[in-house]
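Scope of the values below: all heavy atoms of this structure, side chains included, with no hydrogens, waters or symmetry mates.
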Amino acid sequence: MREFKCSSLGNKCTWKHIAKTEELLADLVAVHLRDVHGQQSLGSDMVAKIKQSFSNPSPVEAREAETLGLKVYHCELEKGCSFKYIAQTEELIVDGVAVHAREKHGIKEFSHEMKVKVEKALLPWKG
């Protein structure tokens, strides 16, 4: 188990994630950086910086993360949108979808009804 905290890159962001492998964690960090911080591509220097900031989660958080499976959301806000968001928790996915909805679909207010719709559309991620 490895943990990443977005603040470790100097971002004023409280997002953190725990994953079973460094490869999976790096992929999830890349999605977060793209969708929340607008970083469209990661050079080899940035990938190295991300991996250097990985740490070991606390034993309690590691046990909790082991019980969580990854979930995926495929955008249903507009026909033809290929956006997807993968994370372990509904909260992370809803946050990512809210950013996507605002930036790509012009949805200024992400209502409670939209949050519920996203939560109901989540599927287990098979990898």
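- The side chain to side chain donor-acceptor pair (under 3.5 Å) analysis of residues 42-55, with sequence neighbours excluded, yields the pairs Ser8-Ser53.
- With sequence neighbours left out, Thr21 forms a side chain to side chain contact (heavy atoms under 4.5 Å, CB included) with Glu23, Leu24.
- Between Pro124 and Val72 the shortest heavy-atom distance is O-CG1, 4.2 Å.
- Taking the ring centroids of Phe4 and His17, they lie at or beyond the 6.0 Å cut-off.
- The closest side-chain heavy-atom distance from Ile86 to Lys71 is not below 4.5 Å.
- Side-chain contact between Leu9 and Leu33: present, with at least one pair of heavy atoms (C-beta onward) separated by less than 4.5 Å.
- Listed by chain and residue number, nothing satisfies the side-chain hydrogen bond (donor to acceptor under 3.5 Å, both in side chains) test with His74 (two or more places apart in sequence, or in another chain).
- Residues satisfying the side-chain hydrogen bond (donor to acceptor under 3.5 Å, both in side chains) test with Lys16, not counting sequence neighbours, are Glu61.
- Looking at residues two or more places apart in sequence or on another chain, you find a side chain to side chain contact (heavy atoms under 4.5 Å, CB included) between Lys117 and Glu76.
- Listed by chain and number, the residues in a side chain to side chain contact (heavy atoms under 4.5 Å, CB included) with Ala62 are Met1, Pro57 (sequence neighbours excluded).
- Residues satisfying the ring pair (Phe, Tyr, Trp, His ring centres under 6.0 Å) criterion with Phe110, sequence neighbours excluded, are absent altogether.
- One hydrophobic cluster, built from ILVMFWY side chains closer than 4.5 Å, cannot hold both Leu25 and Leu70; they sit in different ones.
- Hydrophobic cluster membership for Val36: none, as no Ile, Leu, Val, Met, Phe, Trp or Tyr side chain comes under 4.5 Å of it.
- Val97 places a side-chain heavy atom less than 4.5 Å from the side chain of Phe83.
- For Ser111, the side chain to side chain contact (heavy atoms under 4.5 Å, CB included) partners two or more places apart in sequence, or in a different chain, are Glu113, Met114.
- At least one side-chain heavy atom of Trp15 sits less than 4.5 Å from a side-chain heavy atom of Val29.
- Under the 4.5 Å side-chain criterion, counting only non-hydrogen atoms from C-beta, His100 is in contact with Cys75.
- Applying the side-chain hydrogen bond (donor to acceptor under 3.5 Å, both in side chains) criterion to Asn56, with sequence neighbours excluded, gives Arg2.
- No continuous path of ILVMFWY side-chain contacts below 4.5 Å connects Val31 to Trp125, so the two sit in separate hydrophobic clusters.
- Glu78 is linked by a side-chain hydrogen bond (donor to acceptor under 3.5 Å, both in side chains) to His105, counting only residues two or more places apart in sequence or in another chain.
- Screening residues 35-57 for ring pair (Phe, Tyr, Trp, His ring centres under 6.0 Å), with sequence neighbours left out, gives His32-His37.
- Residues Leu122 and Val94 are members of one and the same hydrophobic cluster, defined by side-chain heavy-atom contacts under 4.5 angstrom among Ile, Leu, Val, Met, Phe, Trp and Tyr.
- Between Ile107 and Arg102 there is no side-chain heavy-atom pair separated by less than 4.5 Å.
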